[in-house]
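Read the numbers this way: they start at 1 and go in the same order the structure lists the ligands and their atoms.
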Amino acid sequence: MAAEKKASVLPQHVGIIMDGNGRWAKKRLLPRSAGHRAGAQNFRTITRYCSRVGIKYLTFYAFSTENWSRPAEEVGGLMHLFKDYLEEALRDFMDENIRVRFIGDMGGFSEDLQALMRRVEKESAGKTGMVLNLAMNYGGRAELSRAARLFAEDVQAGRRAPGDMDEELLPQYLYTAGQPDLDLLIRPSGEQRLSNFLLWQCAYAEFVFFDILWPDFRPQDLDKALEIYASRQRRFGGV
Ligand code: FPP
């Protein structure tokens, strides 16, 4: 049982790409929106499970900078879903001692969704349990370009010198500043790619792929990913 795993083999930071909602719906002859609803429900279940198992940082890819190119109806449906689930999450996650953070360009969302995000962050700020990052309007390349821009502004303002930039400093300009790099990346649905998710933070992450569509991904599957992770030997470039 994962809850009994030794802390040393438990990943500190887990990332999940919630993929396969559309295919899950199609298999059932349902609209794609039904797949996203089932996916959102599962997001709650897996979040709660990760927090109980003892994961310290959990990051979900909820909406990428590229997802805006989907049909307007699907994007609109997802925005409604975010609103509903963030309100529920607010209640749920408070009881679980979870701190919620949003990573990505929040300025791309409607004013009321942005206000809700700020509220969720503010009201959970004092929580001391798992940190839940929701990547929304997020792209790894956009995050890295933003870091370069912020650093250039600091140089221009005289707060930094160009020579200050190194591998220690750059992550301080990322949305995940102060958090550990990713240890384990889970992607269900059969696709085996990173899709512009946490490019810097995944440098030494272990990848575990599943042939299961996200709405069907169960806590037992998470246990399986944790077992696979624990059995891997991480060398970080050494021998
Ligand atoms: C990818 O599946 C999934 C998304 C683009 C949306 C994921 C978002 C949720 C599940 C809502 C979570 C809610 C909150 C509040 C974080 P896909 O549509 O690309 O699936 P397909 O590849 O089978 O078409």
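Minimum heavy-atom separation, D112 to S110: OD1-OG, 2.7 Å. Closest approach of L182 and V14 over heavy atoms only: CD1-C, 4.2 Å.
Ligand 1 does not have M136 within reach: every non-hydrogen atom of the residue lies 4.0 Å or more from it. The closest approach between E191 and ligand 1 stays at or above 4.0 Å for every heavy atom of the residue.
Atom numbering of ligand 1 starts at 1 in the shown order; those under 4.0 Å from a heavy atom of G20 are 2 (O), 20 (O), 21 (P), 23 (O). Listed by number with element, the atoms of ligand 1 under 4.0 Å from a non-hydrogen atom of R23 are 21 (P), 22 (O), 23 (O).
Nearest protein neighbour of atom 5 (C) of ligand 1, counting heavy atoms only, is N67 OD1, 3.6 Å. Nearest protein neighbour of atom 4 (C) of ligand 1, counting heavy atoms only, is H36 CE1, 3.9 Å. The protein non-hydrogen atom at the shortest distance from atom 19 (O) of ligand 1 is R70 NH2, 2.8 Å. Nearest protein heavy-atom neighbour of atom 6 (C) of ligand 1: A62 O, 3.5 Å. With hydrogens left out, the protein atom closest to atom 3 (C) of ligand 1 is M18 O, 3.1 Å, a heavy atom.
Using a 4.5 Å heavy-atom cutoff, the side chains of S124 and I98 are not in contact. Taking 4.5 Å as the limit, every side-chain heavy atom of K56 sits out of range of all side-chain heavy atoms of V131. You'll find the side chain of F210 reaches within 4.5 Å of the side chain of K224, heavy atoms only.
Of the candidates K26, R32, H36, H36 is the only one forming a side chain to side chain donor-acceptor pair (under 3.5 Å) with N21.
Counting heavy atoms only, G22 comes closest to atom 20 (O) of ligand 1 of the residues G22, S33, G39. Looking at F60, F82, W24, Y85, it is F82 that brings a heavy atom closest to atom 11 (C) of ligand 1. Of the candidates T47, N21, L134, N21 brings a heavy atom nearest to atom 10 (C) of ligand 1.
Under a cutoff of 6.0 Å and an axis angle of 45°, R70 and W68 do not form a cation-pi pair.
Between the side chains of E143 and Q201, at least one donor-acceptor pair of N or O atoms lies under 3.5 Å. In this model, no donor atom of one side chain and acceptor atom of the other lie less than 3.5 Å apart for D105 and Y138.
By the criterion of a heavy-atom distance under 4.0 Å, the side chain of R32, and not its backbone, is placed next to ligand 1.
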